[in-house]
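Just below is one structure, and these are the notes that go with it.
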Amino acid sequence: MKKIFNYILALMMSTGIFTACVDDINVGNAFLEKAPGVDVNIDTVFSKAEYARNFLWSAYGQLYCTYTRGNMMNGTPIDALSDSYHCYCGWGGPKQTYYTGGLTEDSQDNPNGNFQGKFAYKTGNPDDESNGDGRVSIYETIRKCWQIIENIEKVPDMTDSEKSRLRGEAYTIMASRYFDAFRNFGGLCLVKKAFAVGEGFEEGRATAFQTVEFIDSLILCAINEPGFIWNIPNEDIGQWSGRLTRASARALRAKVWMHAASPLFNNNQPYITYDKKPTGLEDEKHVWFGKEDPSLWTRCLQYCNDFFTDNAANGNYYQLVQPETQDEAGYRAAYRHAYRYRNDETHHEKIFDVHPSIYLSDDVVNGSVVNQWGWGWAGFCIDGLRQGGAVPTNELMECFGMQDGSNFPYENLYGAGNNPNGIDMFENRDPRLYETMVVPRHNLPAGFDWEGQTYTDSWVGGLLASSKFSNPDDIASGYNKFKWLLDYCSNNTGRMNDDYIGVSYVRLAELYLIRAEAKAETGDLPGALDDLHVVRSRVGLGRLEEKNPELNLTSNKENLINEILRERNCEIGAECGDRLYDMVRRMRQDLFTKPLHEIRIYRLDENGNRMTEGDTSWKEGTPWPKFEYEKPQITNGTRRWWDPGYWTNKWYLDPVSRIEIQKGYGLTQNPGW
C-alpha cells in the first residue's frame, strides 16, 4: 500500500480516466463549454463514491510542479530564468526563447516546446494523445473542481464528512491553480461555476486585486469546510501522503498574500504602462492594484499566524525535520529529508507538495519485467537537469554563507595571484551548499560512486569534469547540480530513485520565511530575525544579526529584506520556482540584469602554480590541495536583457496568448507585449 496515492495519480494521467468529462477547453464564445461525453457523463461520475474520488484525483494530476514536463520550457525548469541557474543545453526553452528576447504573445500558442512561455495559459496540443502530462490550462482544472463542488452531494455512498473533505480539496486545488497563473500573468478571468454547454462567458478579465480576493475566497471556502482535516493521520500517510488538507489551504493563503503584498502589484505606480491602452481599458489595474497598501503585509502576517495557531491547536503536527546529530552529516540529512521526500509517519514538514512527472515504464532485470510501475524520470532529471538545463551559477554559490552563520567573505579572492594562501573557499560552509551543488571536497556526497575514488575533484582537469561522469553541458559553469539528483554516476547507483519525491509547493520552513518577511515589512525586525533563526538553526548556523553585525539587521529594514530573500534562495531555491518569483514580485531588475558568472577552480602544485594538464588527482592521506579561482562571465546563451538599454519591465509578467485575446471574451494583453 506504500504511497498508493502516487500510483493513482500516475494512472489518472496516463490512462485518461474520465477524459470524456474533462475534454480540452474551448475558451471563447462558450467559455469552458465542453460537456461530459456520451458514455461517461456527470450523472455517472457522481453515481458512485469511487468514481467521484477518481475524478478528483485527475485534478490532483494537474497541480503545478516545476519539474513536470508540461510546466517546463521543453524540459528545462524555470529556475534557469533566475540568477541562480543558467541553461546551457541548445534545445532548452530559456536559451531559445527568453535569453534571446524571443518571447512573444504567440509563444503561448507555439507547439514547439523550445519557443514556449514558462507557464501555460492554454492547453498545449490538445489533439495530441501523447500530451497527457503536457501543458495544461488552469481552466481545465478549474472546471473539474467546480464540477466536484457542484455535484458531490449527489454521491449516494459517501458520508457527509467525506463530501466536505473533497470539496475542501477541490477549493484548494482551484485556488492554487489561480495563484499559479496570477503570478505569471496578473489579473485573470474568474470562473465561478462549471459553465453549461453553449453558455457564454462575458465577464472578461478581472483586475489584479479582484483576482487575489477571489483566490482568497476559494481558500476561505476550503478552510471553512467542516470535513476538511488538518493533517493526514499517521496510519493513513503511507497511502495518502500528498493529499491536501486544511493546513495546505492556510499555508497557501499566506503565500498568496506575500506575493500580493509585494511591490510588483502593491505599488504607488504600475510596474509598466501601455504606450496605447486597449479599447475600454482606463488603466493598468489588471496588472496593478492601483495604489500601495502597506496593510496587505499585515494581512499576510495574520494568515501566517493563523496557520501557526491552528497548527498548535492540532498538536503542532507540522514541524521542521530536525538533525539527528549536530554535525554536517546530521544537518545535511535533515535538510535533504525536508525538501526532497514526502511526509512519513515521523516527518511532517511538507504542507502542500506536488509530484514530478511519473511515466509508466517497465523495469527490466535479466530480460524480465519486474516492475511495471517504473519511475521514468524523463522530464525531471535526465531530460533537463542532467543535460545542462539548469546549471548552478557562481552567484548561487555565493548566496550560501559559512557554517558559523556569517555571510560569504571571499568576494575578493578571484583572479590569478589573489589567493596567496590557497584558501579553500568551499570549506566550512553552510551545509545546504553541499546539498545544492557539487564542489571540491575531501569526502564524497552521499550516493556518489567514483569507482573507488573517495573525494570530489570538480577542479579543472578533475575526474568530475570528464564526460565519463557527466554531460559536458551540465558542468559548463564549473559546478554540478546536486539538489534532487544526489548522484552523477555513469552506472547510476539508484540514488535518484531511492524514494518517492515530493516537490514542495509550500513547506513549514517557507512559512517561517514568509512570516519573517511580513514581520520585517510591518516593522518587527527582531521578530523577523527570530523566524529566520528557526530555519537556519536546523543546519547549525548562528544568528544572522550576530554573525553579520555590519548589516545592522535589527534596524536596517532594506538589508534585512535582502537577507530574507537570500535565505529563501538557500532554503527553498529550485523547489517550486520561488527564486524567480521572488525576483519578479520584488521587481529586482538589478538581479535580472546583472551578468552571471561561472567558476574555474585550479589546483595549485607545491610551488603555487596552477595544474591544468597531466595528473591533477589528490592522493588520500596527503594534505588537501590549495586552489585559485576565476569567475568568468557566462557567454554561452547569454541573456539579452543583460545588454545595456534592452531591459524592459514587461519581463516581470508573461504575454497572454494572442489567440485567446482574439476570441473576444474580454482578455487584454499585458503592457509591453
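None of these values were measured; they are calculated from a predicted model. Each residue takes its place number in the sequence, starting with 1.
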* To do: Go through F400 and F408 one step at a time and tell me if the ring pair (Phe, Tyr, Trp, His ring centres under 6.0 Å) criterion holds.
  => CA-CA 7 Å; F400 295 91; F408 181 74; over 10 Å; no
Go through the side-chain N and O atoms of [X] and [Y] and say whether any donor and acceptor fall under 3.5 Å apart.
X: N562; Y: E558; answer: no
X: W297; Y: N266; answer: no
X: H347; Y: R342; answer: no
X: N407; Y: K547; answer: no
X: H348; Y: Q319; answer: no
X: N670; Y: K650; answer: no
X: Q62; Y: T141; answer: yes
X: N231; Y: R246; answer: no
X: D474; Y: Y88; answer: no
X: S262; Y: R585; answer: yes
X: S477; Y: N394; answer: no
X: E563; Y: N548; answer: no
X: T245; Y: S248; answer: yes
X: D293; Y: S295; answer: yes

[Y] backbone acceptor or donor facing [X] side chain under 3.5 Å:
X: T309; Y: D306; result: no
X: T207; Y: Q210; result: yes
X: Y652; Y: M587; result: yes
X: Y434; Y: F426; result: yes

Students often mix this up, so state it plainly: with edges at 30° and 60°, are the rings of [X] and [Y] parallel, tilted or perpendicular?
X: W230; Y: Y318; value: perpendicular
X: Y512; Y: F308; value: tilted
X: Y341; Y: H337; value: perpendicular
X: H259; Y: F265; value: tilted

Is any NZ, NE, NH1 or NH2 atom of the basic residue among [X] and [Y] found under 4.0 Å from an Asp or Glu carboxylate oxygen of the other?
X: D530; Y: R543; answer: yes
X: R568; Y: D578; answer: yes
X: R579; Y: E571; answer: no
X: R177; Y: D180; answer: yes
X: K483; Y: E435; answer: no
X: E349; Y: R538; answer: yes

* Take L396 and Y85 through the side-chain contact (heavy atoms from CB on, under 4.5 Å) test and state the conclusion after the steps. => CA-CA 7 Å; L396 175 59; Y85 295 90; 3.5 Å; yes
* Answer yes or no for K255 and Y581: cation-pi contact, defined as NZ/CZ to six-membered ring centre under 6.0 Å and angle to ring axis within 45°. => no
* Answer yes or no on whether R250 is positioned over the face of F307, meaning its NZ or CZ is under 6.0 Å from the six-membered ring centre and within 45° of the axis. => no
* Asked: Is the centre of the Y339 ring less than 6.0 Å from the centre of the W484 ring?
  ->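 Y339 vs W484: aromatic centres under 6.0 Å.
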* Asked: Testing V534, D524, N305 for side chain to side chain contact (heavy atoms under 4.5 Å, CB included) with R515, which one passes?
  -> N305
* Looking only at heavy atoms, which two atoms of T211 and A206 are closest? And how far apart? -> OG1-CB, 3.9 Å
* To do: Let me know which of F592, Y99, W641 forms a ring pair (Phe, Tyr, Trp, His ring centres under 6.0 Å) with W651.
  =>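 Running ring pair (Phe, Tyr, Trp, His ring centres under 6.0 Å) over F592, Y99, W641 with W651 returns exactly one hit, W641.
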* Could you walk me through whether Y64 and F119 pass the ring pair (Phe, Tyr, Trp, His ring centres under 6.0 Å) check? -> CA-CA 10 Å; Y64 181 62; F119 188 83; 5.4 Å; yes
* Stepwise side-chain contact (heavy atoms from CB on, under 4.5 Å) test for S107 and Q116 -> CA-CA 5 Å; S107 297; Q116 291 174 339; 5.7 Å; no
